[in-house]
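Notes follow once the structure below has been shown.
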Amino acid sequence: MRKIGVATRVIALAMLGFVSLAVAQSTRQSGFDFMQPATQALQKDDTQNPAMLWVKDGQAIWAQRDGATQKSCADCHGDIKRTRGVAARYPQYSAEAKGVINLSQQINQCRTTHQQAKAWPAEDASLLGVETAIAVESRGQPLAPPAQSQLVDAQKRGEAAFDRRIGQVDLSCRDCHESLAGKRLGGNIIPQGHPTGYPIYRLEWQAVGSLQRRLRNCMTAVRSEPYPYGASELVDLEAYLANRAAGMQLESPGVRP
Amino acid sequence: MKRRIFFANSVGLMASVVVRPVAALTQSDVLTPLVNAYAAGGGVREGRVKFDIAPLVDNGNSVPVEITVDSPMTQAQHVVGIALFNEKNPQNQVAEFTLSPLAGRARVATRIRLALSQQLVAVAKMNDGSCWTHTVEVLVTIASCIEE
Amino acid sequence: MARALITVPRTAKRGEILEIRALVQHPMETGYRRSSEGDLLPRDLIRRFSCRFVESGKTDDTGVIVIAATLHAAIAANPYLSFNLRAATSGTLAFNWEGDNGFSHREQVALIVT
């Protein structure tokens, strides 16, 4: 029987060890540039981009009182428009968390400490909604990780992880996202792996998802055990990716295949 | 050096869609009875309907389609319905639309799921009962992808 | 709660043909997919959509159908529909989606025709 959107599909493919030059800073390209015009059109038009449904949800949650303190995000932060530039800085060091955290972890920190509400679980629709609503306010801003020594340490750990060969295929993130970028891997074109569009609406997921979900997908794809959501190893990778893409424009909410 | 990768993916496919018009004679015998049932006795002819599909898509989960019908959309002369059928999904119906002259233009656009090469037909029903069709063949090529 | 995004111009000239876009949040679960544990995911679809036009001053009227649709599993998740309206008089556009498991969502948009 034919089915659309079937459960598991195994893509088996042989890939040659291409040798090509690493991505130079000047040739950095967003994943957007590797997509077909139909997918690009979806991202470019807010009246068609399904991620705008999550944004609308997040904007409503921003104004809702919650938790033991019965405060809304807006009660402390004012209009969500005032978060302009915030999403372009994350991950960053947080004195409250005593470590480097990403934007969704900062949001949950406000939930637990300032609202005294329960933290939203990873990939929860409300969390993704609020994160996307904050990210959209920084659209067009250059990624600008702050100069913090703790953040530099995280970026270094992330860079080492980016170069480590993983999985049964023994490929590093850099092998795929620099040497093989622009080549086809089965049906997919391998992008340079920049985090500029997150959270994204992924056609594959048929929903909005986080950068950590994307990274875990890459790990699973090469048959490597993915780190759990929220793991410091994932935040380190996110910190490195943001630094590698520093100066590129945030384009959230992106649409990806 | 040669490396081998086994890419396990949930539902993914990169669909390269190529659209070809289909002559009435070669319309799939799955589609013809569906069109006739929708026409409910009205005459069925080719023409007046235009089916637009993006020629290349990254993922078959979301394929933009647009159907336009040549009609003035006046009280006297208008499209009352548009139906869209596919040949090979478990269910052949995709959508049926009811239109009124208020629409001003006989046009609908949506996004559909396509995971397999097959024929698609758009049928427009006019207020005089006549039906018009446009059948296209959609070739979905999925590189190195084995479906269970 | 589900969300919807409607795109319609707020004002229009009489006789002008407008484009309307409607996007609604819904997984459109086909009933043919399996979870990672191998269980069939139950079908959960939006089945019907309608857009009606209610002329100003006729508030108790249910209005006139601009377009109505019956949707099936082959419609992509978060259904998107675009269609047209010939602006004749000022009024309200009423959008309605209905589906499995009691799904129901309504939106209203006012239109001023000059």
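Quick note on labels: first sequence line is chain A, next is B, and so on, each numbered from 1.
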- Task: Can you see which heavy atom on Ala74(C) is nearest to which on Asn89(B), and at what distance?
- Result: CB-ND2, 3.6 Å
- Item | Within 6.0 Å of CG in Leu40(C), more than 12 heavy atoms from elsewhere | yes
- Message: Is Ala77(C) close to chain B through its backbone or its side chain, or both, or neither, when contacts mean heavy atoms under 4.5 Å?
- Response: both
- Message: Less than 4.5 Å to any heavy atom of chain B: does that hold for the side chain of Leu45(C), its backbone, both, or neither?
- Response: neither
- Query: Rounded to the nearest 0.5 Å, how far apart are CZ of Arg43(C) and CD of Gln91(B)?
  - Reply: 5.0 Å
- Message: Is there a side-chain contact between Ile75(C) and Ile112(B) in this structure, where contact means two heavy atoms from C-beta onward sitting under 4.5 Å apart?
- Response: yes
- Of all heavy-atom pairs linking Ala76(C) and Ser62(B), the shortest is CB-CA, 4.3 Å
- Atom group of Ala88(C) that falls short of 4.5 Å from chain B, counting heavy atoms: neither
- Ignoring hydrogens and geometry, is there a side-chain-to-backbone donor-acceptor pair from Ser82(C) to Ala109(B) under 3.5 Å? no
- Here the gap from Phe83(C) atom CZ to Thr110(B) atom OG1, rounded to the nearest 0.5 Å, amounts to 11.0 Å
- State plainly whether the residues Arg105(B) and Glu19(C) are in salt-bridge range, i.e. N to O under 4.0 Å. no
- Point-to-point distance, once rounded to the nearest 0.5 Å, from CZ of Phe97(B) to CG of Leu81(C): 5.5 Å
- Counting only heavy atoms closer than 4.5 Å, note whether Pro101(B) contacts chain C via side chain, backbone, both or neither. backbone
- Please report the C-alpha distance between Asn92(B) and His72(C) in whole Å, then the side-chain angles of each, then the deciding distance to 0.1 Å, and finally whether the side-chain contact (heavy atoms from CB on, under 4.5 Å) criterion is met. CA-CA 9 Å; Asn92(B) 300 107; His72(C) 304 278; over 6 Å; no
- Task: Would you please test Leu23(C) and Arg111(B) for side-chain contact (heavy atoms from CB on, under 4.5 Å) and show each step?
- Result: CA-CA 11 Å; Leu23(C) 187 61; Arg111(B) 297 194 281 252; 3.4 Å; yes
- Separation between CD of Glu96(B) and OG1 of Thr70(C), rounded to the nearest 0.5 Å: 5.0 Å
- Which bit of Ile67(C) is near chain B, if near means a heavy-atom gap under 4.5 Å: side chain, backbone, both or neither? both
